[in-house]
Amino acid sequence: MKRFSRKQISVAIVALAILASCGYVFFFYEPYDRIPDDPRYREILREFFAAQPLAVNISPNGEYVLTKAELETGGFQITVQDWKSSRVLFTNFSANSQRSLTWRPDSMAIVFQEIDGLDRPLYLWDFKTGKKKKLNVPVSKTALPPLRWNPSGKKLAYFHGDWNKGRLLVIDPEQKNPHIVIKESMSGTCDFVWSPDGSSIALTTVSEPGVVTITRLNPLRSSEVEIGADAQIKSLAWSSDGKSILAAARRDNNEYFKLFEIEPSSSKVSLRSEADGDIENPVWLSDGKTFIYHVLSDGIIHGVLGNHEHASGKIIGPTNGVLRVTHLSPDGKRLYARFASLSKPPTLIEIPVKTGEASLVYTPPKSEIIRCPEPESIRIKAEDGTLIPAYHWKAKDTSSHPTAVLIDVHGGLHTQSYPTWESYIQVMTKRGCDVIALNYRGSSGYGRAFEDMGEEDERVLDVVAARNYAANVLHVIPNKIYLMGNSHGSGLVAAAAAHGEEMGGIILISWAGGIHGVECRLVKPISVLGFQGTLDPFVSPREARNAIQKFFAPSSDLAKIQWQVYRDEGHFFYRTDSWSKICWGLMNIQVAMHLN
């Protein structure tokens, strides 16, 4: 090893001091695989792992449960177990996380994608052979869109592209036939669905968002049905008799997404149902007349059973969380669903169509010991009087006033935070820190008017309003208020901190770019924690580091910046220890501010 002389070391120290005096902010890289030697971190990590194995879904035949677990020794395991006996039938291990786990219709195989660097290769896990094989098809860069088998299980509709754009392919998982390009000009948010005979696919596109395109495979030809020239179509479902397609769509003059029925033979479009919230994810029952749809209102999603005569129907299943009905049992008498509650990890449930009363199929074994309080739905008044929706989780075992508050600002402009259980919320509330999840103006789920509302500077002020709510309404000491932003939310959080109100610190996760026109004017010291993945396809760690350094340069004497780069993480962190380190870092800020 090369040794440096005292003179060389002295010169280096002087150089660093000169750079610091010129306003440079230093970022220290912490490699992903370096484990903090701190019992508090290990305790947090254990609590994150307690949510495993995660509930994924129920097999088409209703006999098996699929779960997924990140192992403490490293890697990810997916497990198929018998529902009634809980006996483990099949397991498969991978060093990489599996995504879009989708059952073949015969319940004897699962297709999925894996996170492999920037790629999301496609795999088939066949239970008869017990082997997992990588499919020789074009490799996608995203696993956000669904994978959809045709009814016979012989073909698979598969999105090839990135989160922004791509094309829809039909592939032969047995590799006997070449893939077919069904449609170009698609995005990761476009939906597609097979006809019951497997001869056609109905889909939506970016170029014509108000149109359902119906493409016949052999020979390849398409027809179109327009719901509205300026409409948005969120999700599709094709009836078992092939006569109708349900579409959750929002026309230009609609506040919320409604349920429309399309007759492909005549191109007739009829309004079937509307609600005081967004309708989404319809599911046909086997009679071709009855259907289920979901209604999203203030972050809660419940199911509704309807038909042609009574589309508004009756509410089925639980109503105090986020319900996702996935499919119908073979005999048509039961619905299978994944349910995310407000206080515990997600579960798998069964809902008899006749009664609508849910029963538990699977819950993570340690769910009860990692409960968190149910949140309160609140409205925070912004500077201009606009009421901004948010959810407030109160810490366990605290006095009437919280000792600390973490304000979470989601990424993705037209997305939203839900009021459901999350590991980090349980970890923070257990340690005396309230959590507020903010849905700033522009967030989805609250109607078109709110979604179209506001410019970036107003969204920054929404975050500032949340900070002021914590200080003035919850009476939290300012240096115990923390802001955490993910992706686009990180830019909003940095800009909110730059306004100069006192706070304890900010956490910037997957920096996606700053807010233009914001000048940093800190008046008191603030801790800044930055986390970026080496595989982030949007902003590299170096670019993120330089952007944050430049942003806080005018107040570099007040911004105490720490920086951590996660190896093998992309824009969305999926490893348990990555999120454990974020919570541990926040706890360290709290301790430091208390000592100061």
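Residue numbers run from 1 in the order of the sequence given.
Under a cut-off of 6.0 angstrom, the local environment of NZ in Lys366 is sparse, with at most 12 non-hydrogen atoms contributed by other residues, nucleotides or ligands. The local environment of NZ in Lys354 is sparse, with at most 12 non-hydrogen atoms from other residues, nucleotides or ligands closer than 6.0 Å. The number of heavy atoms from other shown groups lying within 6.0 Å of CG (Asn136) does not exceed 12. More than 12 heavy-atom neighbours from other residues, nucleotides or ligands sit within 6.0 angstrom of NZ on Lys132.
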(message) Pair Lys243, Ser265 - check side-chain contact (heavy atoms from CB on, under 4.5 Å), show working.
(response) CA-CA 7 Å; Lys243 296 179 179 179; Ser265 61; over 6 Å; no
(request) Dump the intermediate steps for side-chain contact (heavy atoms from CB on, under 4.5 Å) on Val353 and Leu335, then the final yes or no. (result) CA-CA 7 Å; Val353 174; Leu335 299 164; 4.1 Å; yes
(request) Using the side-chain contact (heavy atoms from CB on, under 4.5 Å) rule, take Tyr123 and Gln98 through it: C-alpha gap first, then chi angles, then the decisive distance, then the call. (result) CA-CA 9 Å; Tyr123 289 86; Gln98 306 92 342; over 6 Å; no
(request) Might you work through the salt bridge (charged side-chain N to carboxylate O under 4.0 Å, His left out) test for Glu280 and Arg324, ending with a clear yes or no? (result) CA-CA 10 Å; Glu280 57 186 32; Arg324 304 283 189 188; 2.8 Å; yes
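Separation of atoms OH (Tyr574) and OH (Tyr566) is listed at 13.0 Å; rounding is to 0.5 Å. Note that CG of Leu101 is 5.5 Å distant from CG of Leu66, once rounded to the nearest 0.5 Å. Between Glu263 atom CD and Ile245 atom CD1 the span is 10.5 Å, to the nearest 0.5 Å. The distance from the CG atom of Asn177 to the NZ atom of Lys154 is 11.5 Å, given to the nearest 0.5 Å.
Every side-chain contact (heavy atoms from CB on, under 4.5 Å) that Asp252 has, sequence neighbours left out, goes to Asp230, Arg448. For Lys183, there are no salt bridge (Lys or Arg N to Asp or Glu O under 4.0 Å) partners at least two apart in sequence or on another chain. Ser273 is linked by a side-chain contact (heavy atoms from CB on, under 4.5 Å) to Leu259, Ile279, Tyr293, Ala311, Ser312, counting only residues two or more places apart in sequence or in another chain.
A donor-acceptor pair is defined here as one N or O able to donate and one able to accept, closer than 3.5 Å; such a pair exists between the side chain of Arg251 and the backbone of Ile227. Under a 3.5 Å cut-off, the side chain of Ser140 and the backbone N or O of Gly161 do form a donor-acceptor pair. Although no hydrogens or angles enter the test, the distance criterion places a donor-acceptor pair under 3.5 Å between the side chain of Trp421 and the main chain of Ile370. Here the side chain of Ser100 pairs a donor or acceptor atom with the backbone of Ala143 at under 3.5 angstrom. Side-chain atoms of Glu451 do not come within 3.5 Å of backbone N or O of Gly445 as any donor-acceptor pair. The main-chain N or O of Gly411 is found under 3.5 Å from a side-chain atom of Thr415 such that the two form a donor-acceptor pair. With Ser235 contributing its side chain and Asn281 its backbone, the two residues share a donor-acceptor pair below 3.5 Å. Looking only at distances, no side-chain donor or acceptor of Trp511 sits under 3.5 Å from a matching main-chain atom of Val539. The backbone N or O of Ser540 lies less than 3.5 Å from a partner atom in the side chain of Glu543, making a donor-acceptor pair. At distances below 3.5 Å, not a single donor-acceptor pair connects side-chain atoms of Thr420 with backbone N or O atoms of Ala340.
Proximity of Thr102 to Leu156: side-chain heavy atoms (C-beta onward) are nowhere separated by under 4.5 Å. By the 4.5 Å heavy-atom criterion applied to side chains, Val137 and His179 are not counted as neighbours.
Between His327 and Tyr336, the two ring planes are tilted [angle within 30° to 60°]. Below 30°, between 30° and 60°, or above 60°: for Phe90 and Phe127 the angle between ring planes is below 30°, a parallel geometry.
When all heavy atoms are compared, the tightest approach of Gly570 to Ser510 is O-OG, 4.2 Å. Listed here is the closest heavy atom pair of Arg104 and Pro60: O-CG, 3.5 Å. Contact record, Asn439 with Ser417: OD1-N, 2.7 Å, taken as the closest heavy-atom pair. Heavy atoms only, all atoms of each residue included: Ala358 and Gly317 are closest at CB-CA, 4.5 Å. The two residues Cys190 and Phe192 come nearest to each other via the heavy atoms O-CD2, 4.1 Å. Between Pro121 and Asp116 the shortest heavy-atom distance is CD-CB, 3.9 Å.
A distance of 6.0 Å or more separates the ring centres of Phe572 and Trp163.
Between Lys155 and Asp172 no salt bridge is recorded (no basic side-chain N to carboxylate O distance below 4.0 Å). Between Lys333 and Glu350 there is no salt bridge, since no side-chain N of the basic residue sits under 4.0 Å from a carboxylate O of the acidic one.
Using a 3.5 Å distance cut-off with no hydrogens or angles, the side chains of Gln232 and Arg250 do pair a donor with an acceptor. Using modelled atom types and a 3.5 Å distance limit, the side chains of Glu261 and Ser244 yield a donor-acceptor pair. With hydrogens and angles left out, the side-chain atoms of Ser94 and Glu114 include a donor and acceptor closer than 3.5 Å. Remark: the Thr91 side chain and the Thr79 side chain contain no N/O donor-acceptor pair separated by less than 3.5 Å.
When each of Lys68, Glu70, Arg575 is paired with Ser97, the side-chain hydrogen bond (donor to acceptor under 3.5 Å, both in side chains) condition holds for Lys68 and for no other.
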